[in-house]
Protein chains: 2
Amino acid sequence: MTAPTLRDVAERAGVSIRTVSNVVNGYAKVTEPMKVRVQAAIDDLGYRPNLMARNLKQGRSRIIALVVPALDVPYFAELVRLIIGEAQAHGYAVLIDQTDGDVERERELIMEAPQAVGFDGVIVSPLALTAADLESRRSPAPILLLGEKIFDSAADHVAIDNVTAAREATAHLIGLGRRRIAAIGVEQDPSDGTAVLRTRGYREAFAAAGLPVDESLMVPTPHYERRHGAAAMTALLDRADPPDAVFCFSDLLALGAMRVALSRGLRIPEDLALVGFDDIEDGRYSTPTLTTVAPDKQGLARSAVETIRTRIESGQDATPLEITTPHRLVLRESSLGGAGATA
Amino acid sequence: MTAPTLRDVAERAGVSIRTVSNVVNGYAKVTEPMKVRVQAAIDDLGYRPNLMARNLKQGRSRIIALVVPALDVPYFAELVRLIIGEAQAHGYAVLIDQTDGDVERERELIMEAPQAVGFDGVIVSPLALTAADLESRRSPAPILLLGEKIFDSAADHVAIDNVTAAREATAHLIGLGRRRIAAIGVEQDPSDGTAVLRTRGYREAFAAAGLPVDESLMVPTPHYERRHGAAAMTALLDRADPPDAVFCFSDLLALGAMRVALSRGLRIPEDLALVGFDDIEDGRYSTPTLTTVAPDKQGLARSAVETIRTRIESGQDATPLEITTPHRLVLRESSLGGAGATA
DNA sequence: TCTAACTATTGCATCGATGCAATTTGTCGC
DNA sequence: GCGACAAATTGCATCGATGCAATAGTTAGA
């Protein structure tokens, strides 16, 4: 019942273990008849190389760890899907770890797990990692930060230009004539890189238009999920002077906000224009469909995998890479109305 | 730069490798001072056991493969998240493979990968696997079917009672007084177990109510995604005699259908009541919120992991287990209207 | 025919850990 | 003080593969 090994194949074919290994690995100097004979034995026994043994010997696992906050957040689900695809295409498997917002767990995964499990590299969409954490890392496995930026850290980083994207989204709303433009999900803690950058973009758009920012319309949220968007929107609509537009820092926030606004009888976008961020599929099927910032997720996945592959395979610890992938603003009904939708 | 091994620790502590191993594994017969001394060396060097080596020696990897069609389908994303959580809690890591609807790839993953990579077990939400495939599997790693049933196969199977669930959903619509109740996602191919079972439940509900089934209202779809729901709904609404209710075999189908219905100006549920299946989070935040069959996903995940753990750890190849986890019908606005929503 | 120069094949050590059995150390009883 | 016995520690083989260097086998040239 136990799986056949090189030895079994060698015995059956009447050759040495090493020769079988050579055949398996397509080593050049094996005569044709020998190759055929060994291959026959391999097929007979249904031999498959044992990767654990191979990896132990070669010191690598061809496994990349992917650490994300939660898999059921559509943005991550979509991204993870693409990353797995990219990795598979290059012969790597992906092991996923969820932090569930648990900072301690995140740190442990990044710091300890790689050398223990033998990950060749770690792609992490960080939650609360600090530059100091990264400094004190001993593991030789390269680490790549995806999305969230960690200021002053020396790790490779792949992301879109959050400031520009947020500025464009806000500018779009300003361009529509809105003036009371709320922002949901703004910076609460300066270590939250994404919020900081998007908040900056939001402010820049007002500055560029020569308009003042109403700080009271900037609502921070604990996370970027639907219920937080719903709660924030409720608070905004309870005001005496509610906003006429909202830029939400994630599509989920926007969908939560949309639900609240609709249930209060507001018309979107007439009474309230809405822009999200991430371009998750839900936003393409909501009613109304959601205007959003669409990161090039395929590009993010490709860059992430390619960058970490390079680090793994050529291992130079050169200067950290800072890669920016493109994004675009997708205009849909939640800001334009039934009229025009670009995608 | 290279990670410290047992040997390094042993050298530093001035003891044998074996003793260090004993300390690491909490072997009972190690004196306290010895334990302290070795532990100090371990901490000094930052030693972590190399799992590849350990696994090779012990013949198991503590890795479970999870094969799903696609990660960005919310139902799978939610389920995968729970499964990873359950597995982590029991010391297993999860390696995810996506089949992307590629049947060949699915077969290969199930048949070949386990013994190659050394998976201890495989949880698969099958796409097009046949009983014959499972028969001819050589790998000793246990396999567990999640959700989709493969008739006449001898593998463990964890799922909800699809027939009953579909019957209840349909009965709910009948109970609301609807009579032209369409079904989107019905059986097209008898090998598609899920569709077969849900279709059966749909028919049973009509039979139980003494009503005839209008076959022309039963629409098959290639998959269970939003766009298929949208397409099916479009076709239904283009009829001279459109339905007054629709039971969609997935929430995504329902959301796609909802989008189409709303954009045509129909009122939900007044003109068209809608019931989905899966209870994905989107349905709780759509407008209107979606009535749906809610499988106990946490229960599914727990049963799946526990069942395969048992197989892995006690390895008896007893009779295959058939585990049914609970479900309930969650009533929301898409069938009840603004009035009552149970959850 | 004999040696040089390859080439195909093989044997041995090794990756880092654990299983098992042997060995050393320590404790007691008499 | 010595043998017996249990407890703590250690050595060796091993998991299944690959790296490296040696060996056997072939061909060619003189």
Side-chain angles (χ1 to χ4, degrees), chain A residues 1-39 41-42 45-63 114-120 139-141, chain B residues 1-39 41-42 45-63 114-120 139-141:
Chain A
M1 253 311 141
T2 173
T5 74
L6 275 188
R7 166 158 35 253
D8 301 322
V9 178
E11 217 158 277
R12 193 171 215 302
V15 298
S16 78
I17 290 180
R18 202 63 189 69
T19 297
V20 179
S21 172
N22 284 340
V23 172
V24 170
N25 293 291
Y27 179 63
K29 292 170 183 169
V30 182
T31 54
E32 199 52 33
M34 174 63 85
K35 202 179 298 185
V36 171
R37 185 159 124 226
V38 172
Q39 190 59 53
I42 289 178
L45 296 175
Y47 168 82
R48 298 277 129 191
N50 179 321
L51 294 197
M52 296 198 300
R54 174 180 290 175
N55 292 338
L56 169 60
K57 185 67 174 112
Q58 301 191 331
R60 50 193 190 55
S61 62
R62 300 223 133 228
I63 294 181
Q115 62 167 300
V117 185
F119 296 142
D120 287 350
S139 167
Chain B
M1 253 310 137
T2 172
T5 73
L6 275 187
R7 170 166 20 262
D8 300 323
V9 178
E11 216 157 278
R12 192 169 216 297
V15 298
S16 79
I17 290 181
R18 203 62 191 64
T19 296
V20 180
S21 171
N22 284 339
V23 172
V24 170
N25 293 291
Y27 179 62
K29 293 170 181 169
V30 181
T31 55
E32 199 52 33
M34 174 61 88
K35 203 181 295 186
V36 171
R37 184 158 125 227
V38 171
Q39 190 58 52
I42 289 177
L45 296 175
Y47 168 81
R48 296 280 130 190
N50 179 321
L51 293 198
M52 295 198 303
R54 174 179 291 176
N55 292 339
L56 169 60
K57 185 66 175 114
Q58 301 191 330
R60 48 192 191 56
S61 61
R62 300 225 133 225
I63 294 181
Q115 63 167 301
V117 184
F119 297 141
D120 287 349
S139 167

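Within every chain, numbering begins at 1; the chains are lettered A, B, ... in the order of the sequence lines, protein sequences first and strands thereafter.
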> Taking atom P of dA17(C) as reference, at what distance in whole Å does atom CZ of Arg60(B) sit?
16 Å
> Roughly, in whole Å, what's the span from CG in Leu56(B) to P in dG16(D)?
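Atom-to-atom, Leu56(B) to dG16(D), this comes out as 7 Å.
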> For Ala13(B), does its backbone N or O pair with a side-chain atom of Arg37(B) as donor and acceptor, under 3.5 Å?
yes
> Name the nucleic acid region contacted by Thr5(B), choosing base, sugar-phosphate or nothing; use a 4.0 angstrom heavy-atom cut-off, strictly under.
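Sugar-phosphate contact only - Thr5(B) comes under 4.0 Å of backbone atoms but never of a base.
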> Does Asn55(A) reach a base, just sugar-phosphate, or nothing at all? Heavy atoms under 4.0 Å.
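Here Asn55(A) touches no strand at all.
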> Measure from CE on Met34(A) to P on dT7(C) and round the result to the nearest Å.
17 Å
> Spell out yes or no: do the side chain of Arg48(B) and the base of dG16(C) have one donor N/O and one acceptor N/O closer than 3.5 Å?
no
> Specify the separation, in whole Å, of atom NZ of Lys35(A) and atom P of dT9(C).
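My rounded result for the distance is 10 Å.
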> Compare all side-chain heavy atoms of Asn55(A) with those of Met52(A) and state whether any distance is below 4.5 angstrom.
no
> Starting from P on dA8(C), measure out to CG on Asn25(A) and report it in whole angstrom.
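Checked: the CG to P distance equals 17 Å.
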> With side chain to side chain contact (heavy atoms under 4.5 Å, CB included) as the test, pick out the partner of Pro49(A) among Leu6(A), Thr5(A), Val24(A).
Val24(A)
> Under 4.0 Å from OP1 or OP2 of dA8(C): is there any side-chain N or O of Thr31(A) that close?
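For dA8(C), neither OP1 nor OP2 has a side-chain N or O of Thr31(A) closer than 4.0 Å.
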> Under the side chain to side chain contact (heavy atoms under 4.5 Å, CB included) rule, what do Arg54(A) and Asn25(A) come out as? Steps first, then yes or no, please.
CA-CA 11 Å; Arg54(A) 174 180 290 175; Asn25(A) 293 291; 3.6 Å; yes
> Would you mind telling me which of dA17(C), dG19(D), dT9(D) lies closest to the side-chain atoms of Gln58(A)?
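Nearest nucleotide to the side chain: dG19(D).
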> Once you round it to whole Å, what is the distance between C1' of dG11(C) and CG of Asn22(A)?
13 Å
> Roughly, in whole Å, what's the span from CG in Leu51(B) to C1' in dC15(D)?
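Those two atoms, CG and C1', are 15 Å apart.
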> For a quick check under 3.5 Å, do Asn22(B) and Arg18(B) share a side-chain donor-acceptor pair by atom type?
yes
> What is the distance from CD of Glu32(B) to P of dT9(D), rounded to the nearest Å?
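Rounded to the whole Å, the gap is 11 Å.
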> Lys57(A) or Arg7(A): which one's nearest nucleotide on DNA chain D is closer to the 5' end?
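The residue closer to the strand's 5' end, by nearest nucleotide, is Arg7(A).
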> By the 4.0 Å heavy-atom rule, please label Val24(B) as base, sugar-phosphate, or nothing.
nothing
> Looking at Asn50(B), does any N or O in its side chain come under 4.0 Å of the phosphate oxygens OP1/OP2 on dC15(C)?
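Negative; the distance criterion is not met.
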> Phosphate oxygens OP1/OP2 of dT18(D): is one of them under 4.0 Å from a side-chain N or O of Ser21(A)?
yes
> Would you mind telling me which of dT18(C), dT9(C), dT18(D) lies closest to the side-chain atoms of Ile17(A)?
dT18(D)
> Return the nearest nucleotide to the side chain of Arg18(B); candidates are dT9(D), dA17(D), dT18(C).
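From the listed options, dT18(C) comes nearest.
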